[in-house]
Amino acid sequence: MRYSPQKIEKKWQKIWAKKNYQIWHASDLPKKKHLYLLDMFPYPSGEGLHVGHVEGYTASDILSRYYRMQGYEVLHPMGWDAFGLPAENYALKTKKPPQEIVPQNIKRFKEQMQSLGFSYDWQREINTTDPDYYKWTQWIFLQLFKKGLAYEEETYVNWCPSCKTVLADEEIEEGKCERCGTKVERRKLKQWVLKITAYAERLLQDLDLLDWPERVKTMQRNWIGKSEGVEIEFKIADTDKYLKVFTTRPDTLFGVTYLVLAPEHPLIPEITPSNTQNEIKRYLAESLQKSDFERQANLTEKTGVFTGAYALNPATKERIPIWVSDYVLMGYGTGAIMAVPAHDERDFSFAKEFHLPIKEVIAPEGKPHLEELEKPYSGEGILVNSGPFTGLDSQTAREKIALFVNAKKVVNYKLRDWIFSRQRYWGEPIPIIKCPRCGNVPLEEKDLPLKLPQIKKYEPTGNQESPLADITSWVKVTCPKCHGEALRETNTMPQWAGSSWYYLRYLDPKNKKFLVEKKKAQTWLPVDIYIGGVEHAVLHLLYARFWHKFLLDLGVVTTPEPFQKLINQGVILGEDGEKMSKSRGNVVNPDTIIQQYGADSLRMYEMFLGPLSFSKPWSSQGIIGIFRFLNRIWDLVTSEPQKKDGLKLTKEAQEKLKKELQELERLEQLTIKKVTEDIENIHFNTAISALMEYVNRLNDFPKEYLPKKYLKTLVLLLSPFAPHLAEELGKTYLHQRGLISQSKWPSYDKKLVEEKQFKLLIQVNGKLKATLEVNKGISKNLAQKSALPLVQKYLGKKKVKKVIFVPDRLINFVI
RNA sequence: GUCCUUGUGGCGGAAUUGGUAUACGCGUAGCGUUCAGAACGCUAUCCCGCAAGGGUUGUGGGUUCGAGUCCCACCAAGGACACCA
């Protein structure tokens, strides 16, 4: 019979599916050693699963199957991150409610996952759009609100005048709405905001606890953007008012030649004299309208106006002008800066533009330039032109000058609070009632979930509210506090809400009383291995860490971090080496591949392609190579060897066979070792190479003398990668009793792996010249004696200066 | 601009972590099988050389008995952030 994945895969999927996949169920409170293996759950789009999903999910499936065979209780769940724009946009187009579309997409995704043989514990399936789930998303929001960590604030948002809606940053491409191409405007709107900044320091510090790729940690560190500096007060000339600026370089204070305020700075109207007011107003109007994209479009050209007011440099008492420019951001520091054009690039180009003085106060060697500076110098050095501080090195001066002007030490973060409302339909309703008398009143916990009502129109209202605002029956409520008339909050939560805590719900998916029982959280957390793409390096992974820490403070969980080890899978590119996309026509559909070669080939091919974290192009020839390999295994295991008839082997042949068997035994042991270690280190590509070498050797061996145990080992080692084929071969051809996936992982004998002899490398000046088979533990003297004759011709008459001997490895003659 | 990652055959990649560079697979070529093709099997496949031998891990330098691996500089590709004072 030929290998026919189409037949055997369906068969085994049915067997695994018995009693809702009972064989993959993990108990709530396991007694034995246990492991939580988590995938980043997908957004169930209409497109179905793509090969990138398959890569990450196969990797975690291999680990799950492997650790189960090693005797672990493995929690390996799957669910759906189903709120969000695509479903809503699709609803807008087709007039079909997302409530109908989403289940269809989920059904398709689930079928595809099952057709790949992924060993998920489906009794723990969750769906972020299920009221039983988002009840607890809303509950977490209420706790944040009660602790003052969710608040409302007027902030500027991206507004698409054509779609009449607020856009998230991700929905903007080059300053234009990604859907209609209209130029995005800036509007001030009242928004719900989560105070993630309150956790900035912990989010930064605890990165050290994590076993994550260094670059993801770096990205989070940069995103949090901690910077330590001081706040210095500048007196505004001819008034009693003071202006605070933040700086990390107080050592440059003597080089400050002007101050700059952000256009949003509240002090501007107060300090502007009447003769410059019109000009200032014009500039503010202009820059406040610009979108962030436009403000940043040209980083080198600076704009700005002089306010007409002056400040006094606290160090020199000089009068310096106060300017307004949009290169200063209100959201960072104090919204005002002291400009040191000689030592800051931005200040330098601003000073050049407006012909402001540039005063050098730091020189690398302590010698000031005589001619005009050509570019700013922002490094360390010796102070010049700095009064009593001249001659100090910049780092000492930093402390001394700060002390001199009474500056306060301040820590600033780039991290901003998380804007949490969306003027959208398809998201979790925010459980708040807006009462004209009581203000924002939280819903009572017993009234959760606040269900999302069905609506007919998904178009935004245009008056900056979500489509929910049009459903009067839903919006109008009585205030729980004063029982007067009140309105519901009509904004919904962003995409990221549901995914910020889903790994908790898997632990206790049906709990009606609480989001997760503490004992279960304590047992299973943190997630041992979390696999997903790098695209979530900051947003999702930072938000989830924030919520986790908040839940730690509430006592819901007990670990400081949610995900102990993070693994990023790389992107699978199209065959042309470009990103897969419909427009390029280079998309590979997993369904087609499964039909042609089977799920086992697809799984194994994606793992063989290269290291998991690499980006690598798809190859339609490459998958054939894996398909051939699985065919060779099939033929090897299923072929009936010819009967050994009475013919006796000669003594010589017997000896030879005995030796070959010994070698085979050793190779088997080595292969077990290699595959075991490679799986644990997530080196699946080399694990598969080792299996190939093992199979090649088995194929060379005379079949009639090949003991079945070597085939059994092969099937066991193969099973995490190609589970269907392994089950079929085990059951039908090796007469395995139970399921291969429930068997014990083979172990190896350390003594057998070790060899008595080794190949001594003989080098001359570090270059390999010969090798020699010798016993292990050979002494330097003996090695030298036996090796020397072999390399005599390279030594000639030259004298051996030195002999380097590495035990059980090499000997090197230096001449 | 800043930060991060990666540079090994025609291609994906391997290398006991400083010790035989190019494992495994793809592709290609030749041969076998076949009426023929597909499929399969065998052999070869980094470069120069008939050979002995010599050279080769983006480029240049350094450390070392010995460097693909460590250090410095440069070049190239990819990614992230981007006026954060």
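Order of the sequence lines fixes the chain letters, A, B, ..., with proteins taken first and strands second; residue numbering starts at 1 for each chain. The basis for the numbers below is simple: all heavy atoms, side chains too, and nothing from hydrogens, waters or symmetry mates. Bear in mind that the values here come from a model prediction, so they are computed numbers and not experimental data.
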Spacing of the C1' atoms in B:G27 and B:C46 (rounded, Å): 15 Å
For residues 805-815 of chain A, please give each side-chain donor-acceptor pair under 3.5 Å, one per line with the distance, not counting sequence neighbours.
residue: A:D808; atom: OD1; partner: A:G777; partner atom: N; Å: 2.8
residue: A:N812; atom: OD1; partner: A:N765; partner atom: N; Å: 3.3
residue: A:N812; atom: OD1; partner: A:G766; partner atom: N; Å: 2.9

Residues touching RNA chain B, which here means a heavy atom under 4.0 Å, drawn from residues 690-698 of chain A: A:M692, A:E693, A:N696
Measure the distance from CD1 on A:I232 to P on B:A85 and round it to the nearest whole Å. 14 Å
Nearest-Å distance for atom pair CZ/P, residues A:F608 and B:A23: 12 Å
Sugar-phosphate or base contact per nucleotide [nucleotides 70-81 of chain B; S, B, -; heavy atom under 4.0 Å]: ----------SS
What is the distance, to the nearest angstrom, from the CD1 atom on A:I688 to the C1' atom on B:G12? 13 Å
Can you name the side-chain contact (heavy atoms from CB on, under 4.5 Å) partners of A:E663, sequence neighbours left out? A:K659
By the rule that syn is within 90° of 0, classify the base conformation of B:U57 as syn or anti. anti
Look for any protein N or O under 3.5 Å of an N or O in nucleotides 38-47 of chain B and output each such pair with its distance, or none.
residue: B:C40; atom: OP1; partner: A:R628; partner atom: NE; Å: 3.1

Could you list the residues that satisfy salt bridge (charged side-chain N to carboxylate O under 4.0 Å, His left out) with A:K673, not counting sequence neighbours? A:E677
Atom CG of A:L261 to atom P of B:C83: distance rounded to whole Å? 19 Å
Counting only side-chain N and O atoms of A:K616, is one of them less than 4.0 Å from OP1 or OP2 of B:G12? no
Residues which pass salt bridge (charged side-chain N to carboxylate O under 4.0 Å, His left out) with A:R666, listed by chain and number, not counting sequence neighbours: A:E755
Nearest to the side chain of A:V814, which nucleotide is it out of B:A85, B:C65, B:U56? B:C65
Donor-acceptor pair between A:D347 and A:Y258 side chains, under 3.5 angstrom: no
Look for any protein N or O under 3.5 Å of an N or O in nucleotides 14-21 of chain B and output each such pair with its distance, or none.
residue: B:A14; atom: OP1; partner: A:N685; partner atom: ND2; Å: 3.0
residue: B:U16; atom: O2; partner: A:R809; partner atom: NH2; Å: 3.2
residue: B:U16; atom: N3; partner: A:R809; partner atom: NH2; Å: 3.4
residue: B:G19; atom: N2; partner: A:Q763; partner atom: OE1; Å: 2.9

The salt bridge (charged side-chain N to carboxylate O under 4.0 Å, His left out) partners of A:K565 (sequence neighbours excluded) come to A:D211
With rounding to whole Å, what would you report as the distance between B:C70 and B:U16 at their P atoms? 12 Å
Could you pull out all residues at least two apart from A:K616 that satisfy side-chain hydrogen bond (donor to acceptor under 3.5 Å, both in side chains)? A:E55
For A:S227, enumerate each residue passing the side-chain hydrogen bond (donor to acceptor under 3.5 Å, both in side chains) test, keeping only those at least two apart in sequence or located in another chain. A:Y332
For residues 684-695 of chain A, which side-chain N or O atoms pair as donor and acceptor with protein atoms under 3.5 Å away, sequence neighbours left out?
residue: A:T686; atom: OG1; partner: A:D678; partner atom: OD2; Å: 2.9
residue: A:T686; atom: OG1; partner: A:H683; partner atom: O; Å: 3.1
residue: A:S689; atom: OG; partner: A:N685; partner atom: O; Å: 3.2
residue: A:Y694; atom: OH; partner: A:Y710; partner atom: O; Å: 2.9

Do the numbers put A:K226 on top of the ring of A:Y413, so that NZ or CZ is under 6.0 Å from the six-membered ring centre and no more than 45° off the axis? no
